[in-house]
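The next block holds one structure in the form of structure tokens; read it before the comments.
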Amino acid sequence: MNTQIIPSVSHRAASIKPSSTLAITARVRAMKADGRDVIGFGAGEPDFGTPDRVVAAAMEAIQNGMTRYVPVPGTPEAREAVSAKLHRDNDITCSPDQVVISNGGKFSLYLAIQSMIDPGDEVVMATPAWVSYKPMVELAGGTFVEIPTTADSDFLATPEAYAAALTPKTRLVILNSPSNPCGTMYEPDAIRAICDVLAGHERVMLISDEIYERLVYGGRAHLSPGSLPSMADRTITINGLSKAFAATGWRVGYTAAPLQIAKAMSKLQSQMTSSVTSFTLPALVTALMDCSDDIEHMRKAFEERAALMESLIGTWPGVTCPPPMGAFYVFPDISTAFQKTSPGGRTIDGAGAFAEALLEETGVAVVPGDDFLGCGSRHVRLSFALEESAIRAGCERIGAWMTSLS
Ligand code: PMP
Ligand code: GLU
């Protein structure tokens with residue numbers, strides 16, 4: 001008999017969309033492998049190599065036999081290094097016991113959300129926001145509550161808007177400054193004002209996703225909410241190697257959290273991944289303790305590219321965009337193109353159609369803004385983590401193509 005078993009997936013797996021940022025990255029990779037001339041503004045990852053010192057530390061650890069299981073939340077040395085880094089750079093006081101090292105900032109976020117959110121809990125976040133927060137909240141059974149923002153306010157929400165979004169069901173607020181996808185950030189006073197609002201809601205915890213903390217431009221200052229006395233006991237600070245150390249493939253992230261939350265995260269991690277890869281831990285110590293020159297070198301390069309991006313986007317017809325302040329993204333409003341027809345005969349009926357037509361007709365990849373929520377459906381995201389010559393060529397192609405829409 002020829003019976004065919006059709007495997008079915010769980011409701012949970014079926015309910016979640018794949019990450020659109022990673023989907024674009026995969027598509028660009030495949031097009032390049034096919035020999036197509038593609039300029040990729042899609043991937044949110046630095047184009048630099050991981051600093052030599054960090055690589056050497058990992059290689060030395062392998063050669064010295066550091067190839068066995070390590071403690072679930074990381075070695076004492078690595079947790080100590082994270083605690084020292086947070087004290088030195090962010091004015092956050094936390095003991096090594098409060099540190100959990102996980103497989104990328106993304107998994108740190110996932111564990112933190114799983115550790116705090118029960119079905120029915122609300123999680124408040126300003127949008128547009130990175131594509132993975134909402135699915136993570138929903139996988140925990142929580143409700144993702146948006147505070148919609150627009151480009152006019154640099155995509156920043158006011159303290160009043162935060163106050164209005166909080167309900168008795170709110171358990172968590174997530175902040176991501178500098179922001180993916182917006183490329184804007186809160187000034188220290190704005191962070192203080194938002195934390196003043198949260199201080200009056202004792203049940204509400206705060207996740208501060210600081211993965212772009214080192215990439216800030218124009219002399220701006222980053223303030224960690226975890227450094228403020230009113231929020232120190234309720235803030236979960238998340239960071240990692242990916243962005244500041246150009247180490248996206250290493251999958252190393254870290255969290256500093258109140259002890260109870262750190263323990264819960266570690267317990268979940270013990271049943272899920274056991275730990276990060278052993279020999280990345282000495283490399284993490286080297287990165288955090290010994291690489292400030294490397295970081296500054298990359299930051300300066302991104303700062304120059306940010307200025308270049310801003311001036312080139314200024315030449316695109318009808319496009320507006322807040323100037324980039326941090327991270328390596330710009331999020332222009334391209335809705336001027338909507339309801340027009342491309343030279344290839346495609347109708348541009350939204351950001352997805354814009355990105356699709358642009359990629360097919362010019363070989364330039366951008367991420368449509370829809371999955372970043374809020375007003376994102378009028379925007380596309382460009383990552384400027386690519387060489388100046390590619391930025392110039394890509395922006396020129398976009399400008400010319402937009403001019404040719406009819
Ligand atoms: N937060 C934000 C806002 C991000 O853009 C990313 C990018 N991947 C992450 C967290 C997680 O990064 P990773 O898992 O590579 O550390
Ligand atoms: N954070 C990066 C991005 O937004 C990497 C991909 C991902 O994890 O979403 O492109």
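When reading the values below, keep in mind they use all heavy atoms of this one structure, side chains included, and skip hydrogens, waters and symmetry mates. Counting starts at 1 for both ligands and their atoms, in listed order.
- Considering only non-hydrogen protein atoms, atom 10 (O) of ligand 2 sits nearest to R381 NH2, 2.8 Å.
- At the shortest separation from atom 16 (O) of ligand 1 among protein heavy atoms lies G105 N, 2.6 Å.
- When non-hydrogen atoms are compared, ligand 1 lies under 4.0 Å from neither the backbone nor the side chain of Y254.
- Contacts between F107 and ligand 1 below 4.0 angstrom, taking non-hydrogen atoms only, are absent altogether.
- Residue N176 approaches ligand 1 through these ligand atoms, each under 4.0 Å from one of its heavy atoms: 3 (C).
- The proximity of T248 to ligand 2, defined as any non-hydrogen pair under 4.0 Å, does not occur for either the backbone or the side chain.
- Counted by atom type alone, R397 and T362 present zero donor-acceptor pairs between their side chains at under 3.5 Å.
- Below 4.0 Å from some heavy atom of K243 lie the following atoms of ligand 2, by number and element: 1 (N), 2 (C), 5 (C).
- Of all the atoms in ligand 1, the ones that sit under 4.0 Å from a non-hydrogen atom of S242 are 13 (P), 15 (O), 16 (O).
- Not a single heavy atom of E45 sits less than 4.0 Å from an atom of ligand 2.
- From the protein, the heavy atom lying nearest to atom 7 (C) of ligand 2 is T21 OG1, 3.4 Å.
- Shown here for P96 and E80, the closest heavy-atom pair between the two residues is CG-OE1, 3.3 Å.
- Within the listing of ligand 1, atoms 3 (C), 4 (C), 5 (O) sit less than 4.0 angstrom from a heavy atom of N180.
- Classification of the W130-Y133 ring pair by plane angle, with boundaries at 30° and 60°, yields perpendicular.
- At the top of the distance list for atom 8 (N) of ligand 1, counting protein heavy atoms only, stands K243 NZ, 3.3 Å.
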For this session: Report the C-alpha separation of R171 and E122 in whole Å, then their side-chain angles, then the decisive distance to 0.1 Å, and conclude whether the salt bridge (charged side-chain N to carboxylate O under 4.0 Å, His left out) test is met.
Result: CA-CA 6 Å; R171 173 79 174 118; E122 292 180 355; over 6 Å; no

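- Side-chain contact check for K32 versus V28: some heavy-atom pair is nearer than 4.5 Å.
- Near G44, the atoms of ligand 2 lying under 4.0 angstrom from a non-hydrogen atom of the residue are 2 (C), 3 (C), 5 (C), 10 (O).
- Ligand 1 places these atoms under 4.0 Å from at least one heavy atom of G104: 14 (O), 16 (O).
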Problem set entry | Residue pair K17, D370: steps toward the salt bridge (charged side-chain N to carboxylate O under 4.0 Å, His left out) verdict | CA-CA 12 Å; K17 276 180 72 177; D370 308 75; over 6 Å; no

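- Comment: D121 does not engage K169 in a salt bridge, judged by the lack of any side-chain N to carboxylate O separation of less than 4.0 angstrom.
- Judged by distance alone, with hydrogens and angles left aside, the side-chain atoms of S83 form no donor-acceptor pair with the main-chain N or O of S95 at under 3.5 Å.
- Listed for the Y186 side chain is a donor-acceptor partner under 3.5 Å among the backbone atoms of A157.
- In this structure, atom 9 (C) of ligand 1 lies nearest to the protein heavy atom W130 CH2, 3.6 Å.
- When only non-hydrogen protein atoms are considered, atom 2 (C) of ligand 1 lies nearest to D209 OD2, 3.4 Å.
- Remark: ligand 2 and S132 share no N or O pair separated by less than 3.5 Å (distance only, no angle test).
- K106 N, 3.5 Å is the protein heavy atom nearest to atom 11 (C) of ligand 1.
- The shortest contact between atom 4 (C) of ligand 1 and any protein heavy atom is with Y212 OH, 3.6 Å.
- Residue contacts with ligand 2, taken as heavy atom pairs separated by less than 4.0 Å, do not involve V367 at all.
- Side chains of D154 and T184: a donor-acceptor N/O pair is absent below 3.5 angstrom, by distance only.
- D349 and T347 share no donor-acceptor pair across their side chains, judged by distance under 3.5 Å alone.
- Using modelled atom types and a 3.5 Å distance limit, the side chains of N176 and Y212 yield no donor-acceptor pair.
- Regarding atom 14 (O) of ligand 1, its nearest protein heavy-atom neighbour is R251 NH2, 2.7 Å.
- Distance from atom 8 (O) of ligand 2 to its nearest protein heavy atom, with residue and atom name: K106 NZ, 3.0 Å.
- Using the six-membered ring where Trp is involved, F384 and Y217 have ring planes that are tilted, between 30° and 60° apart.
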